[in-house]
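I have placed the structure first, in the form of C-alpha cells, so that the comments after it can refer back to it.
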Amino acid sequence: MIDIKFLRENPDQVRLSQKGRGEDENIVTRAITADDERRAAIVTFEALRAEQNVFSKSVGAAKGDEKTLLLERGKELSAKVKIAEAEKVEAETKARELLMLLSNLLDPKAPIGGEEDFVVLEHIGTPRDFKKDNFEPKDHVELGKLLGAIDTERGAKVSGARFYYLTGVGALLEFALVNYAISSAVKAGFIPVIPPVLVKPAAMEGTGFLGQAAENVFNLEKDDFYLVGTSEVPLAAFHMDEILSPEKLPLRYAGYSTCFRREAGTYGKDTRGIIRVHQFDKVEMFTFCKPEDAVAEHQRLLQWEKDFLQAMEIPFRVIDVASGDLGSSATRKFDCEAWIPTQNAYREVTSTSNCTEFQARRLNIRMKDDQGTKPVATLNGTLVAIPRMIVAILENHQNSDGTVNVPAALQPFLGMTRFELV
RNA sequence: GGUGGCGUGUCCGAGCGGCCGAAGGAGCGCGCCUCGAAAGCGCGUGUUGGGGAAACUCAACCGUGGGUUCAAAUCCCACCGCCACCGCCA
C-alpha cells in the first residue's frame with residue numbers, strides 16, 4: 001500500500017509508475033476521489049457523534065416527563081448516527097480497497113518495459129565449454145536418473161505433473177545446500193527461522209500476493225488458509241501489527257520452508273525436469289530496516305546471493321528486472337540467473353526485491369523514533385531455491401560419464417567430493 | 001472434542017451501564033534535592049483518524065465482529081486466542 005498523503009500530493013508520479021508497470025492508471029483518480037469521500041463521511045459522522053455524546057450526558061441528569069421527551073429525541077439522533085456510521089465505514093472500505101489496488105511506486109532506476117527489457121548488470125564466471133571437454137552435456141533429468149537423485153516419473157505418478165522425488169544424493173544435496181545456506185546466513189547475522197507454511201488471508205494479502213499473483217497461490221478454501229509460495233509471506237507477517245524499536249533494526253531473518261506454487265498459465269513451459277514445480281524448499285532472506293537504509297540493504301542481499309552462487313562455482317549473470325515484470329510490492333528487483341548448459345541460457349535461480357514501506361504499510365509494521373511512528377522498509381532475497389540450484393550444480397559440474405563433482409563449499413556438508421552413478 | 005477460567009494502556013493491575021481514555025503501581029522522560037548517585041518529592045508519559053497555518057480541537061480504540069440501549073470496557077450473542085483439567089490421537 002502506498003502512502004495516501006503521497007498519493008494526494010503526487011498523483012502524476014503514481015500514474016507514471018502504474019503506466020511503467022503496464023497497470024491501470026485510472027485507479028489513481030478513483031482512489032483520490034474515494035479518499036475525498038471518505039474524509040467527508042468522517043466529518044459528517046463525527047459531528048453527529050459529538051452531538052450525541054453531549055446529548056446523552058444531559059439525559060442522565062433529567063427526570064420524569066422531561067426525561068421521556070429527551071429519550072424520544074435521543075432515539076432519533078441514535079438512528080442518524082447509525083446511518084452516518086455505516087456510510088463512513090463504507091467510504092473507508094472503498095477508499096482502502098482502491099488504495100490496495102495500487103502497486104508500489106517504481107524506483108526511477110528500474111528499467112521500463114516488459115519481461116524482455118531487463119538490463120544485464122554483470123556477468124560472473126564463464127560458461128563452461130563442453131566442446132573443449134569433448135562431450136555433450138546431459139540435462140539434469142538424465143543426470144538425476146543416473147545418480148539416483150531425482151525421480152520425476154514417480155512424482156508424476158503420485159502427485160501429477162510438476163512434482164518430483166529427491167532421492168539418495170538428491171536428498172542429501174538438499175540438506176547440504178540448506179545447511180550451507182543457513183550456516184552462512186547465521187554468520188552474517190541472520191536469525192534462522194522455520195515458519196508456518198499455511199497462513200491466514202491477512203498475511204497473504206499484506207504481503208501483496210493476492211493481487212496479480214493470486215492465481216499462483218494455493219488456497220485451502222474449506223479452512224480459509226493459503227499455502228505460501230515463499231517464506232517471504234510468514235517472515236513479513238512475523239512482525240504484523242508491531243512497533244519495532246529503531247535500535248534493533250535492521251532485523252534480518254533467514255527462513256527455510258517449503259514453497260507451493262500453482263504455476264497457472266505456464267502450461268507447456270519448462271515441463272521437463274524440476275525447473276518449474278508446484279512444491280520446493282527454499283532458504284529466503286528477509287530484512288526489516290529503516291526506509292533510508294533500504295537501497296543499501298538491497299545491495300547487501302544481492303551480494304549474499306552472489307556469494308552463494310560463487311561458492312557453488314556456477315557461472316551466472318545479474319539482471320535489473322524491468323518494470324513490467326516486478327511483483328506489485330517491489331520498487332526494484334535484481335535476479336541472479338545461472339548458466340544452464342543444456343538450455344544454452346541463463347535461468348533465474350535467485351531474486352531480491354526492495355519493497356520499501358509498501359508491505360509494512362499493509363501489514364502495519366512500524367518503527368518509532370523522535371519523528372513519530374512510521375512504517376519500516378522490507379526487503380527479501382533468495383539465498384537458495386533447492387530444485388533450480390540442483391539443476392545448476394548437476395549440469396555445470398557433470399563429467400562425461402555422468403558423475404558430478406561436488407563444489408568445494410558443499411563437500412564438508414556432504415562428506416563426498418563426487419556424486420557417483422547408481 | 002468436553003468442562004472451567006481469562007483476554008484492559010509499555011508492563012502489572014482495578015473498574016462490571018452515564019462522572020472511564022480508563023484508578024493504583026511499575027517502567028520511561030523532565031525538574032527539584034545531592035559533590036555525584038540511590039532514595040524521596042513534583043510534573044509529564046498511548047495509538048489511529050478527521051478539522052486547523054498553529055495553539056488546539058473533535059472522533060474512535062479496553063481480544064475481534066455483531067446486538068441491546070438515549071448512552072457499553074461494563075449487559076447479550078458469535079468468533080478468535082491464552083491458561084487449567086479431562087478425553088482422544090501422534
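Chain identifiers are assigned alphabetically (A, B, ...) following the order of the sequence lines, protein sequences preceding nucleic acid strands; residue numbering begins at 1 within each chain. Note that the structure is predicted; figures quoted are calculated from it, not measured.
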Q: Go through the steps to decide whether Glu122(A) and Lys306(A) satisfy the test salt bridge (Lys or Arg N to Asp or Glu O under 4.0 Å), and finish with yes or no.
A: CA-CA 11 Å; Glu122(A) 59 178 326; Lys306(A) 285 155 68 176; 2.5 Å; yes
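In this structure, Arg362(A) contributes its side chain and Glu357(A) its backbone to no donor-acceptor pair below 3.5 Å. The backbone N or O of Gly324(A) sits nowhere less than 3.5 Å from a side-chain atom of Glu115(A) that would complete a donor-acceptor pair. Between the side chain of Asp107(A) and the backbone N or O of Arg332(A), no donor-acceptor pair lies under 3.5 Å.
Annotation: C28(B) and A39(B) have their P atoms spaced 9 Å apart (nearest Å). The P atoms of C75(B) and G7(B) are separated by 11 Å, rounded to the nearest whole Å. Nucleotides A73(B) and G66(B) place their P atoms 15 Å apart, quoted to the nearest Å. For the P atoms, the distance from C19(B) to C56(B) is 25 Å, rounded to whole Å. Comparing the same atom, C1', in A22(B) and in U8(B) gives a spacing of 9 Å after rounding to whole Å. Distance noted for atom C1' between C80(B) and G87(B): 23 Å (whole Å). Taking atom C1' on both nucleotides, C12(B) is separated from G31(B) by 27 Å, rounded to a whole Å. Taking the C1' atoms as reference points, C32(B) lies 32 Å from A54(B), given to the whole Å.
A residue-by-residue look at Ile243(A) and Val43(A) shows that Ile243(A) has its nearest nucleotide of RNA chain B further toward the 5' end.
Shown here is Ile191(A), whose CD1 atom has more than 12 heavy atoms of other residues, nucleotides or ligands within 6.0 Å.
Whole-Å rounding puts the Ile365(A) CD1 to U47(B) C1' distance at 17 Å. Nucleotide U10(B) holds its P atom 13 Å from the CG atom of Asp241(A), rounded to whole Å. Rounded to a whole Å, the CE atom of Met367(A) is 14 Å from the P atom of U47(B). Regarding Leu48(A), its CG atom lies at a distance of 13 Å from the C1' atom of C58(B), rounded to whole Å. Per the geometry, CZ belonging to Arg38(A) stands 8 Å off P belonging to G49(B), to the nearest Å. Separating the CD atom of Glu242(A) from the P atom of U47(B) is a distance of 17 Å, rounded to the nearest angstrom.
Between Phe288(A) and His239(A), the ring planes are perpendicular. Angles over 60° get that label, and only those under 30° would be called parallel.
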Q. For every nucleotide of nucleotides 59-69 of chain B, 5' to 3': is a protein heavy atom under 4.0 Å from its base (B), only from its sugar-phosphate (S), or from neither (-)?
A. BS-------S-
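In this structure, Gln52(A) reaches the sugar-phosphate backbone alone: every heavy-atom distance under 4.0 Å involves primed, P, OP1 or OP2 atoms, never a base.
Contact annotation: Arg366(A) does not reach the phosphate of U47(B) (side-chain N/O to OP1 or OP2, under 4.0 Å).
Here G50(B) is the nucleotide among A71(B), G50(B), U47(B) with the atom lying nearest to any side-chain atom of Arg39(A).
The two residues Val376(A) and Arg366(A) have their closest heavy-atom pair at CG1-C, 3.9 Å.
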